[in-house]
Enquirer: 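To start, I am sharing the structure in question, which I have written as structure tokens.
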Amino acid sequence: MSYLSGGCRQCLEELRSMCMSLLSVLQGLRLLGILDVQNTPCAREAILHGAGGSVAAGLLYFLATSRVKRSFDVGFAGFMVTTLGSWFYCRMNNAKLRVQQRLIQEGIKNKVVYEGTVMDPTKKGKAEAPSGPS
């Protein structure tokens with residue numbers, strides 16, 4: 001590396017640091033250093049819905065009243081409400097799906113365990129039908 005001038009070394013070092021920072025961004029995008037958006041279920045969709053909700057709420061309020069500062073406040077409130085609403089709705093649906101998957105897995109396991117035995121749920125004893133009028 002002795003053949004490189006000081007300027008070239010500095011450029012290479014800057015390029016290396018930029019590449020490292022880009023890699024850290026690509027590995028996991030963190031929102032405010034708290035929420036790993038890439039790996040957290042529903043986070044990306046909730047933030048995108050919140051952004052759309054904030055633009056819609058702020059723009060509609062601005063068109064109705066022409067008050068800039070209050071429109072920003074309404075837009076921020078729209079972001080919070082839309083993001084949280086979308087987040088909780090998605091998480092509740094995910095929880096419901098997990099419960100359904102667990103029930104289906106237990107049912108499949110029980111079918112495999114009891115298949116061909118007396119306790120097989122598909123081989124229920126037929127109820128005796130009435131013999132008709134007598």
Side-chain angles (χ1 to χ4, degrees):
M1 292 290 268
S2 61
Y3 57 90
L4 292 176
S5 65
C8 287
R9 283 189 193 135
Q10 184 179 5
C11 289
L12 285 175
E13 187 60 36
E14 287 179 21
L15 182 62
R16 182 184 163 280
S17 67
M18 286 187 337
C19 287
M20 294 303 285
S21 64
L22 181 62
L23 282 174
S24 67
V25 167
L26 291 176
Q27 286 176 350
L29 180 64
R30 290 191 171 278
L31 183 66
L32 301 176
I34 301 169
L35 181 63
D36 188 4
V37 176
Q38 185 177 6
N39 296 324
T40 304
C42 302
R44 180 178 178 270
E45 292 82 9
I47 291 171
L48 289 174
H49 290 142
S54 72
V55 168
L59 186 62
L60 288 175
Y61 191 85
F62 176 74
L63 291 174
T65 64
S66 297
R67 296 175 65 187
V68 176
K69 184 185 180 317
R70 184 60 58 151
S71 297
F72 176 80
D73 295 340
V74 170
F76 184 75
F79 174 79
M80 295 302 289
V81 168
T82 310
T83 301
L84 291 175
S86 176
W87 171 273
F88 285 118
Y89 178 77
C90 182
R91 296 295 284 197
M92 290 298 292
N93 279 342
N94 280 353
K96 189 177 4 174
L97 283 174
R98 280 194 306 269
V99 167
Q100 289 174 349
Q101 287 174 346
R102 191 170 54 240
L103 288 174
I104 290 170
Q105 286 175 347
E106 288 174 8
I108 290 172
K109 183 179 73 175
N110 286 340
K111 181 175 178 8
V112 169
V113 168
Y114 294 125
E115 190 172 27
T117 65
V118 178
M119 298 175 62
D120 189 359
T122 59
K123 287 185 169 182
K124 299 222 179 212
K126 295 185 179 179
E128 301 215 7
S131 59
S134 45

Enquirer: Using distance only, find each side-chain donor-acceptor pair of residues 43-55 under 3.5 Å and give its atom names and separation, not counting sequence neighbours.
Expert:
from, atom 1, to, atom 2, distance (Å)
His49, ND1, Glu45, O, 3.1
His49, ND1, Ser86, OG, 2.8
Ser54, OG, Ala51, O, 2.8

Enquirer: Please set out all donor-acceptor pairs under 3.5 angstrom arising from side-chain atoms of residues 67-75, sequence neighbours excluded.
Expert:
from, atom 1, to, atom 2, distance (Å)
Lys69, NZ, Asp73, OD2, 3.3
Ser71, OG, Phe62, N, 3.3
Ser71, OG, Arg67, O, 2.5

Enquirer: Within this structure, what is the CZ-CG distance for the pair Phe88 and Asn93, rounded to the nearest 0.5 Å?
Expert: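 CG of Asn93 is found 13.5 Å from CZ of Phe88.
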Enquirer: Any pair with a residue in residues 60-89 that passes disulfide (SG to SG under 2.5 Å), sequence neighbours left out, goes on the list, sorted by first then second residue, please.
Expert: none
Enquirer: If I take atom NZ from residue Lys109 and atom CD1 from residue Ile104, how far apart are they, to the nearest 0.5 angstrom?
Expert: 14.5 Å
Enquirer: Sequence neighbours left out, what passes side chain to side chain contact (heavy atoms under 4.5 Å, CB included) with Glu106? Give chain and number order.
Expert: Arg102, Leu103
Enquirer: Could you give all pairs that pass the disulfide (SG to SG under 2.5 Å) test and reach residues 43-80, with sequence neighbours left out?
Expert: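 As it turns out, there is no disulfide (SG to SG under 2.5 Å) pair with a partner in residues 43-80 once direct neighbours are skipped.
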Enquirer: Which ILVMFWY residues are connected to Met80, directly or by a chain of links, through side-chain heavy atoms under 4.5 Å apart?
Expert: Phe76, Phe79
Enquirer: Can you pull the disulfide (SG to SG under 2.5 Å) pairs that have at least one residue in residues 50-80, sequence neighbours excluded?
Expert: none
Enquirer: Among residues two or more places apart or on two chains, list those pairs meeting disulfide (SG to SG under 2.5 Å) that have a residue in residues 48-99.
Expert: Cys42-Cys90
